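Working notes, structure below.
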Amino acid sequence: MKKIECFIRPEKMEAVKNALSELNIKGMSVYEVKGRGNQGGMWLTGRSGRYCVEWIDKIKIEIVVSSKVNVDQVIGTIIEKAQTGKEGDGKIFITPVEESIRIRTKERGEDIL
Amino acid sequence: MKKIECFIRPEKMEAVKNALSELNIKGMSVYEVKGRGNQGGMWLTGRSGRYCVEWIDKIKIEIVVSSKVNVDQVIGTIIEKAQTGKEGDGKIFITPVEESIRIRTKERGEDIL
Amino acid sequence: MKKIECFIRPEKMEAVKNALSELNIKGMSVYEVKGRGNQGGMWLTGRSGRYCVEWIDKIKIEIVVSSKVNVDQVIGTIIEKAQTGKEGDGKIFITPVEESIRIRTKERGEDIL
Amino acid sequence: MSGADISFIIICTALVFIMTPGLAFFYGGLLRKKNMVNMMAMCFVSIAIVSVLWFFIAYSLAFAPDVGGGVIGGFDFVGLMGVELGTNPSYSDSLPHMLFMVFQLMFAIITVAIIASPFSERVNFGAFCIFISIWLIIVYSPIAHWVWGQGGFLGAIGCLDFAGGTVVHINVGFAALAVALVIGPREGYQKEPMEPNSIPYVLLGTGLLWIGWFGFNGGSALAANNIAVLAMFNTHLAASMGALVWMLIEYFKTGKFSTLGMASGALAGLVVVTPAAGFVAPVFALIMGGLSSLVCFIVLSWRASSKVDESLDAISIHGTGGILGAILTGVFAAIGAEGAILGNWEQVWIQLIGVAITVVYSFVATFILAFIIHKTIGFRVSSEEEYVGLDITQHGEKA
Amino acid sequence: MSGADISFIIICTALVFIMTPGLAFFYGGLLRKKNMVNMMAMCFVSIAIVSVLWFFIAYSLAFAPDVGGGVIGGFDFVGLMGVELGTNPSYSDSLPHMLFMVFQLMFAIITVAIIASPFSERVNFGAFCIFISIWLIIVYSPIAHWVWGQGGFLGAIGCLDFAGGTVVHINVGFAALAVALVIGPREGYQKEPMEPNSIPYVLLGTGLLWIGWFGFNGGSALAANNIAVLAMFNTHLAASMGALVWMLIEYFKTGKFSTLGMASGALAGLVVVTPAAGFVAPVFALIMGGLSSLVCFIVLSWRASSKVDESLDAISIHGTGGILGAILTGVFAAIGAEGAILGNWEQVWIQLIGVAITVVYSFVATFILAFIIHKTIGFRVSSEEEYVGLDITQHGEKA
Amino acid sequence: MSGADISFIIICTALVFIMTPGLAFFYGGLLRKKNMVNMMAMCFVSIAIVSVLWFFIAYSLAFAPDVGGGVIGGFDFVGLMGVELGTNPSYSDSLPHMLFMVFQLMFAIITVAIIASPFSERVNFGAFCIFISIWLIIVYSPIAHWVWGQGGFLGAIGCLDFAGGTVVHINVGFAALAVALVIGPREGYQKEPMEPNSIPYVLLGTGLLWIGWFGFNGGSALAANNIAVLAMFNTHLAASMGALVWMLIEYFKTGKFSTLGMASGALAGLVVVTPAAGFVAPVFALIMGGLSSLVCFIVLSWRASSKVDESLDAISIHGTGGILGAILTGVFAAIGAEGAILGNWEQVWIQLIGVAITVVYSFVATFILAFIIHKTIGFRVSSEEEYVGLDITQHGEKA
Ligand SMILES: Nc1ncnc2c1ncn2[C@@H]1O[C@H](COP(=O)(O)OP(=O)(O)O)[C@@H](O)[C@H]1O
Ligand SMILES: Nc1ncnc2c1ncn2[C@@H]1O[C@H](COP(=O)(O)OP(=O)(O)O)[C@@H](O)[C@H]1O
Ligand SMILES: Nc1ncnc2c1ncn2[C@@H]1O[C@H](COP(=O)(O)OP(=O)(O)O)[C@@H](O)[C@H]1O
């Protein structure tokens, strides 16, 4: 099982969610975070010169998927929907998950996902 | 060390916390998230037919435990307190943790947990 | 690649961020959480005896770093800035990351960090 | 007609108006966030519905000349026919009849909005709208008629109610209790934490209710005279004392200075002084405010430990404070009326009659009405809807 | 001079004042959180700028004796010279001239603040300040002069506008439309979700606007008399009916009781009744309120599906409701004026002239002004600034 | 007695009342969220405590006939004995004495609430309650007596203070400074970010303070006459100019249009015009408002860089603006009084005496009082409680 964590622009959340639904990926959790990328924020020009907005609101969508799922396809779908081509589009990280349990039924394992 | 991430109903948070305290599991962090499970949200019937509330508020409790802790017992306790038997009870995920550090003392390792 | 998750006092966030910037660690995400440590909260004395504030607001900074980064140095820097020496300074956890993708460019791997 | 009085009562009307948005915040802040918009919507829809029905029928039933027996007004003022820009000496020599009517309308609105309390977090919005429409006509209008209407029987026997302790507060308290019994508690009540989502909103509401109450009680003098002054100052003093006493009670019980306690105490003081405001000397307003906090606190504690989920406490504050106020008005009245302190113990007796009749009528009529709606249309939303919250399910909105 | 009238109009002035902070919350709650402070700042800066310019020049242009042709006032009142503590019989026998002036000032402020709508979430704050400064002088002052000024030509032909349907609402609606066309939609408009960030704030604003409108329409009688009472009650009734009707429309369309719909409907009712408030019987206020919700709802739906990003809907509510109100005033006026229902169909015709001239002047003049500023100083912030939000980029602050 | 005046002053009293809830939001929004309820509670408890003490003793000390030397009132009005519904010609011929008393009460409340500033985020709520109770009696009542009381010595020497520049603003500013010096800065002050948690709340507070100030200054004419009009308009104009100037200062310094700056500027304008409101021509109110923003901005910048943690800036705005206002009143007074511009330079001198005496007394007396409480009961909460926040630790509540 893998955990796919993607940090995206808040306004792309609906589109990503809908696209994932079509892949039949429905279970997910959403966090409101703020973040900065390699640029260390967003640089703007004001009346008194350049300044940096250091924290930008982002959404993190966290999806745990079973190993039967084609992770690359999921990633591809997220990218397709979340990409604008401008700095700040966000990043995706993949981490390992050892076990999943469904609280309602106590079932364990990949099949609950 | 393991990280136990459990997504539960917000109204169960206190009960879960108290039960874990009795197991002497005290360190934990709580996130407010919204999520959807395999049903893709909650289906309701309104005046104009069935509709889906796509995001439901959840609480994620994140607990890093040392390898001396009986994870199954922790999971069992969480399930016992968080279960209602209805859809939306939530899920628990277990992931590996490589290292822990206590900022106050710079100590490292399982014993700080 | 490693994910460094540090739970710190909210008022230390700016200092930690600035110190990390100087190490050229810029990409990071911030969560508002509430937590409790091994003391199970903060004990205070009121008119009617001792009582416990069970949840304290914390900030979690999450930083995914490439394996070229000296994690110990990062940890050292965080500790230096976030430490007060009093209970509640927080903890740092290190977990493995398998893959990173930059949404804007579809690039993968450590180099995007 | 008097320009000064018109000026005063128009503004007092505006002040009473703002109480309902104030209540929306007071109540809304006390609930869980997922139901806050719904609560506010109940308050705002009360404005809309009551105003329209007032125009068509409710004012007439309350204030048109009696049809016999002092029980209900006739149809003379249906569609506000006969409610002119000239005076109606039955109500005031110095105000246009229309102004008296709209001032009274604001009282009806806030009363109906207060009744949202037992509906909180669990009720179909449409059913609520239907309920309040009928309740206004079969409960509020008659009681208003009895006390204030031309020929109303409680007014006739000399029941003292300066600004609506009986008509508004006792009435709404027991109506709320009846509703709470009919529709039952929220799911998870007393099992799950249901903390107020915003104390600042509660305080905003408190501030608006307090300032509005100056218009409510002060304006009930129906003239810009020294009785208005007395009523207004008594109102303020009782609220202040109520806030202080309740806060201290909580402090001695829990060691914390509860801000909610302060707000509740202010309300308890405002309610208790309502029937008395223009009849008693300030020192008695002070005493009434303090006493009301004590009594309401006890009732509220008992209510909170019971199975009755009337969690915004119309019964414990408006109902209880209203009864206490009605009785103490009979005791302390000394300005423009004679209470027990001037030897007229009969007044207390008359007040008790007023209380008893209002309590019984309000409770029984409301219970029957609520019961019928509950069994036919149905008040409760489904368990799932209640879980998700009414903001989304009833209104498609989020706070 | 009359103490009662002074008392009344001072307080009405205060009530109209509070509409602008109210609007700040109404508008602010409707936007995305990252631009809420900016919107509130636009409303508050309108207070500051308009007041200072009113002192120097704008009042004079609007209300000083005509310089000829009924088109614009002269410089007699520049720096408020000649605006004394005595009366000015052209405007009122019972009020100090200064009071009339400050009452009018509050109208100018709220009008200018409403115009923030098309600027929302995308405009340089400095450019906005410049725009409103000039707009006040070249659009608001002339139109106010035409209708209310001493010698104004629309007033002279008998155009009825009790409290500013033409001067305030039609004017601001079409000005907003012009601005929206010039500066274009927000990035992501109709592509990304742009949900209101706080319904409670919208309702707080609604409450404050509503109570303020009592001063707006009631005070427009310029005396504490029964016309003020009529105006105030009509205002309330139209708002209530508007709220109810809009809510029901939404319910039948979507199955949800939209709270925003209620607030919009209240506003639609308040707008439509503004020109009519002191001229029509309550039953017509009721009808106008309901009708306005229906018409504004249709226009709003059409606007929302168009490319015009005037998303706080000054055009759909103030513009549309204002036109409807102006016309219906010509139809229903019967108190102190004669409309079509008293056989005077010509009044409708006069109203239409008033509407047409205002629409054309407001739209064209505003368009030109906005266009010039847009092409010189530039209204739009950079794409990045718009993305990050104006609170941080314009004000360095966060809600 | 005059109905018009009664009507006016009752409503003005209500408007002054709403300033305190307004201040709760103004101050509350400026703090960190964990202490917001505490701040609001301090404001609300001021209402309760001051009102009750006013009844018992504070009004008497301030307004009962002098006991000799013009220094303090006697006990004639203890328990409001002798404060009747008839007039008291020493204060007004047209108002019931009780109305004068309650109007004055609202001034005392807001003054006491403003003093919460230096207590913010670090003080035991009980100790605060004790402090304000004593402060009201030993600082506020005497100073009010000197300036406004029957026989007060500052009034006697001809010190001009239309609506409380000295009694309220200078007094509270220096009292706040004294408290700040005694109790010391918050932990982490100037080391950690302490951003305002809600600009919208600050603006809500600004709006309510502003409208309340119309009652504060307008009502200080104690009659619905043209001086009330002048006072009210001057108030508005000074606030507007203040807001504009402060915003521009910040813009030229930082390139951002600070909304907080606008709010602070409005306040600076409102404060400075308070002593002058009914004495000066509008153009001077305009100038005073602008000047006040400039001066207060400088003082505030200096204060903010100092070690004095009086972070809601009662000293920089109320204290500074109050002194400036008192002096400029002496300069510009021309209506019902003669200032330097009419050649009467002595007035400036008298004003300076008033300022000096108030500053010294307020600072010294408050310092001693605060010091004693600090060393006995103790003001500061423990370091842990301060860290967790006072909402939870003092009130058991969360915003
Ligand atoms: N190294 C990182 N660790 C954790 N989160 C990160 C990291 N880099 C980026 N993020 C998250 O992703 C978001 C967008 O990343 P960003 O670098 O701005 O995108 P881009 O690569 O297109 O410039 C950030 O706001 C932050 O929340
Ligand atoms: N695959 C998943 N990845 C991440 N979070 C998930 C996933 N599935 C469920 N969750 C989280 O758990 C919550 C409850 O899950 P849900 O599927 O509704 O419970 P149940 O299995 O009882 O139906 C969701 O709201 C979401 O926050
Ligand atoms: N075992 C744990 N799992 C998850 N989060 C933890 C754990 N222990 C601590 N935390 C987080 O770290 C924060 C600070 O930890 P704490 O134990 O109070 O610090 P200290 O070790 O200095 O006493 C907590 O509020 C919580 O958010």
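Naming convention: chains lettered A, B, ... in sequence-line order (proteins, then strands); numbering from 1 in each chain. Remember, it's a predicted structure, so these values are computed and weren't measured experimentally.
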Ignoring hydrogens and geometry beyond distance, is a side-chain donor-acceptor pair present between Ser94(E) and Ser2(E) at under 3.5 Å?
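Side-chain D/A pair, Ser94(E) to Ser2(E): absent.
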Answer yes if the side chains of Ser258(E) and Trp246(E) hold a donor-acceptor pair under 3.5 Å, and no otherwise.
no
May I ask you to check if Lys34(D) and Tyr387(D) form a cation-pi contact, with NZ or CZ under 6.0 angstrom from the six-membered ring centre and within 45° of the axis?
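Yes, a cation-pi geometry holds between Lys34(D) and Tyr387(D).
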For chain E, find which of Lys398(D), Gln394(D), Glu84(D) contributes the most heavy-atom pairs closer than 4.5 angstrom.
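Counting heavy-atom pairs under 4.5 Å, the top option is Gln394(D).
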Would you mind telling me which of Pro96(D), Gly396(D), Ala14(D), Gly86(D) has the largest number of heavy-atom pairs within less than 4.5 Å of chain E?
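Result: the option with the highest number of such pairs is Ala14(D).
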Taking the six-membered ring for Trp, are the ring centroids of Phe119(D) and Phe131(D) within less than 6.0 Å of each other?
yes
For the aromatic rings, using the six-membered ring if either is Trp, is the centroid distance between Phe77(D) and His97(D) under 6.0 Å?
yes
Sort out for me which of [options] touches chain D most, counting heavy-atom pairs under 4.5 Å.
options                         : result
Met232(E), Lys256(E), Glu195(E) : Lys256(E)
Trp210(E), Phe257(E), Phe8(E)   : Phe257(E)
Leu204(E), Ile227(E), Asn225(E) : Leu204(E)

Interface moiety of [X] toward chain D, non-hydrogen atoms closer than 4.5 Å:
X         : result
Leu286(E) : side chain
Leu230(E) : both
Met241(E) : both
Phe214(E) : side chain
Asp5(E)   : neither
Leu15(E)  : side chain
Ala266(E) : neither

Determine, stepwise, if the pair Tyr91(D) / Phe63(D) fulfils ring-ring contact (aromatic ring centres under 6.0 Å, His included).
CA-CA 9 Å; Tyr91(D) 296 119; Phe63(D) 291 95; 5.4 Å; yes
If I measure from the heavy atoms of chain E, does [X] come under 4.5 Å with its side chain, its backbone, both, or neither?
X         : answer
Leu80(D)  : side chain
Met42(D)  : neither
Ala41(D)  : both
Ile392(D) : backbone
Leu105(D) : side chain
Met98(D)  : both
Phe44(D)  : both

I'd like to know if the side chain of Glu121(E) reaches the main chain of Arg32(E), judged simply by a donor and an acceptor atom lying under 3.5 Å from each other, with no hydrogens or angles considered.
yes
Report yes or no: does Tyr27(D) contribute a side-chain atom to a donor-acceptor pair with the main-chain N or O of Ile114(D) at less than 3.5 Å?
yes
What are the two closest heavy atoms between [X] and [Y], and how far apart are they?
X         : Y         : answer
Ile47(D)  : Pro21(D)  : CD1-CD, 4.3 Å
Val16(E)  : Gly215(E) : CG2-C, 3.7 Å
Ala337(E) : Leu160(E) : CB-CD1, 3.8 Å

Nearest 0.5 Å, what's the CZ-CG distance between Phe279(E) and Leu328(E)?
14.0 Å
